[in-house]
> 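Below are the structure tokens for one structure; questions will follow.
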Number of protein chains: 2
Amino acid sequence: MATSRGPYAKGVAKREEILRAALEVIARHGYRKTSTRELAAAVGLSEAGLLHYFGTKEQLFEAVLRARDEADRSRFVDVPDSIGLLAAAVRHNGSVPGLVELYSTFSAEAGDPEHKSHDYFVDRYAAIRSSLADAARARQAAGTFSPSADPETVATALIALSDGLQIQSQYDLPADPADLFDNVLDLLRDS
Amino acid sequence: MATSRGPYAKGVAKREEILRAALEVIARHGYRKTSTRELAAAVGLSEAGLLHYFGTKEQLFEAVLRARDEADRSRFVDVPDSIGLLAAAVRHNGSVPGLVELYSTFSAEAGDPEHKSHDYFVDRYAAIRSSLADAARARQAAGTFSPSADPETVATALIALSDGLQIQSQYDLPADPADLFDNVLDLLRDS
DNA sequence: GTCTATACCAAGATAGAC
DNA sequence: GTCTATCTTGGTATAGAC
């Protein structure tokens, strides 16, 4: 048996270059219209060469979304709790429509239990839900959040609100989704 | 000039048969995995014959969603206002996972302004938003809804909540999405 | 019964995943 | 390169208005 040696430094760098390029191409052409062919051309690789790094098109897009989560976390390190983090992310989404389209489409498609990225979203939703519920409990203890609201319910609803606003923002929304999200949070503080 | 004669009785019947069959096949196999070939076979047509009626696969799926909206409206005629209608639809969605997958995926994909069904969703969202805002105003006037909530904001947020719950329901949700939706409505009544 | 738009099919062009 | 998917082209057969 060959023992796994892990990626070489060159491979790591190429991976990052591919992720950056994928982000850029997706932002311009959208998710559905971005082919592996086009992506390969953008980084100077053959299609086979590109897929060597990520296995399938889907795993590549999953990697792009993981990279975005990571980037958001480090962009908003100073935000006090995960409810605030979600609000900041919703606001930031307004400036990256290509990523919003990727996230919306991909999270809907991966709803199929046989989709390669299904488990990624199961884990991601569970983690966010748990951390939002913690934040809701902390805010309730501090007296800055509706005491009658069930934390788990609030957590699930806030995620749904964020996801749903990302979809609606692709159509003609009369207001800024981020302002809307903040307004709903205000309602929950006062009820 | 060729004057349009409209569809023959046979064509009208076949159209309905196709929509019914599409609903069933999509409910079983999901949206992404349903091919025009499979759909054509299910109604005893060639692919070209199938596409003769709807032009493209996308227009066929749009027709399926229009038929669903129509079916929901007649299923819930006795529901007093459109907020109640949305709540009833969310509850009903729990029994038709294939349609939920179709709706989630398709509404995300059609976010692309060049998608053939983009305008359908623009109109649909605008209509639902307007009717939900009317319902919120009526409930506020009747004293059964938070007076501090802006009706337009509530309308957009309720749609987002419904859409987002449809996505999350495809993963491991700890609670029933319909109960969750009702709980959020309760919070809005008391605030 | 004539006429032509509608209903439908066979084959293939095109394009993307892998 | 191979396989699979959508959609077009170019046709024939039939419904149904007149």
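Keep in mind it's a predicted model, so treat the numbers as computed, not measured. Residue numbering restarts at 1 for every chain, and letters A, B, ... go by the order of the sequence lines.
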> Pick the nucleotide of DNA chain D nearest each of Glu58(B) and Ala9(B); which residue has the one closer to the 5' end?
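Its nearest nucleotide lies further toward 5', so the answer is Glu58(B).
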
> Between Phe121(A) and Phe106(A), what is the ring plane arrangement, given parallel below 30°, perpendicular above 60°, and tilted in between?
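Answer is tilted, since the angle falls between 30° and 60°.
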
> Between dG16(D), dT6(C), dA17(C), which nucleotide gets closest to the side-chain atoms of His52(B)?
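The closest nucleotide is dT6(C).
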
> Would you kindly give the CD-to-C1' distance between Glu47(A) and dT2(D), to the nearest whole Å?
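Rounded to the whole Å, the gap is 12 Å.
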
> Give the rounded distance in Å between these two atoms: CZ of Arg37(B) and P of dC7(D).
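Computing the Arg37(B):CZ to dC7(D):P distance gives 13 Å.
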
> Base, sugar-phosphate alone, or nothing: which one does Ser46(B) contact when heavy atoms must sit under 4.0 Å apart?
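Answer is base: heavy atoms of Ser46(B) come under 4.0 Å of a base.
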
> Taking atom C1' of dT6(D) as reference, at what distance in whole Å does atom CZ of Arg32(B) sit?
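Rounded to the whole Å, the gap is 12 Å.
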
> Can you confirm whether the side chains of Asp119(A) and Tyr171(B) place a donor and an acceptor under 3.5 Å from each other?
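Asp119(A) vs Tyr171(B): no donor-acceptor pair found between side chains.
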
> Using the side-chain heavy atoms of Tyr8(B), tell me which of these nucleotides is nearest: dC18(C), dA5(C), dA5(D).
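Selected nucleotide (nearest to the side chain): dA5(C).
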
> Which residues satisfy the side chain to side chain donor-acceptor pair (under 3.5 Å) test with His118(B), sequence neighbours excluded?
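So His118(B) forms no side chain to side chain donor-acceptor pair (under 3.5 Å) with any residue.
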
> Roughly, in whole Å, what's the span from CG in Leu60(B) to P in dC7(D)?
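Going from Leu60(B) (CG) to dC7(D) (P), I get 10 Å.
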
> Is it the case that the base of dT4(C) and the side chain of Arg5(B) share a donor-acceptor contact (distance under 3.5 Å, atom types as modelled)?
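Present.
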
> Of all the choices, dC7(D), dT6(C), dC18(C), which nucleotide is nearest to the side chain of Ser4(B) once you look at every atom?
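Shortest atom-to-atom distance from the side chain points to dT6(C).
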
> Could you state the CG-P distance from Leu50(B) to dT6(D), rounded to the nearest angstrom?
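Between P of dT6(D) and CG of Leu50(B): 10 Å.
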
> Of the nucleotides dT8(D), dC18(C), dT6(C), which one has an atom closest to the side chain of Ala48(B)?
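The answer is dT8(D).
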
> Does Leu51(A) or Gly44(B) map to a spot on DNA chain C nearer the 5' end, using the closest nucleotide for each?
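Closest to the 5' end, via its nearest nucleotide, is Gly44(B).
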
> Do Glu58(B) and Tyr120(B) have a side chain donor and acceptor closer than 3.5 Å?
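Side-chain D/A pair, Glu58(B) to Tyr120(B): absent.
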
> Verify the contact: side-chain N or O of Lys10(B) to OP1 or OP2 of dA7(C), cut-off strictly under 4.0 Å; return yes or no.
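No, because none of the side-chain N or O atoms of Lys10(B) sits under 4.0 Å from OP1 or OP2 of dA7(C).
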
> Expressed in angstrom and rounded to an integer, what is the separation of Phe61(A) atom CZ from dA17(C) atom C1'?
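Rounding to the nearest Å, CZ of Phe61(A) and C1' of dA17(C) are 12 Å apart.
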
> dT6(D) C1' sits how many Å from Glu109(B) CD, rounded?
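Rounded to whole Å, this separation is 14 Å.
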
> In terms of side-chain heavy atoms of Ser35(B), which of dA17(C), dT6(D), dT9(D) is nearest?
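Within the option list, the nearest is dT6(D).
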
> Any donor-acceptor pair under 3.5 Å linking the side-chain atoms of Asp163(A) with those of Tyr103(A)?
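A donor-acceptor contact under 3.5 Å links the two side chains.
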
> So if I take every side-chain heavy atom of Lys116(B) and compare against dT6(D), dA7(C), dC7(D), which nucleotide ends up nearest?
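Ranking dT6(D), dA7(C), dC7(D) by closest atom to the Lys116(B) side chain puts dC7(D) first.
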
> Tyr31(A) has an atom OH; how far is it from atom C1' of dA17(C), in whole Å?
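Value for this atom pair: 12 Å.
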
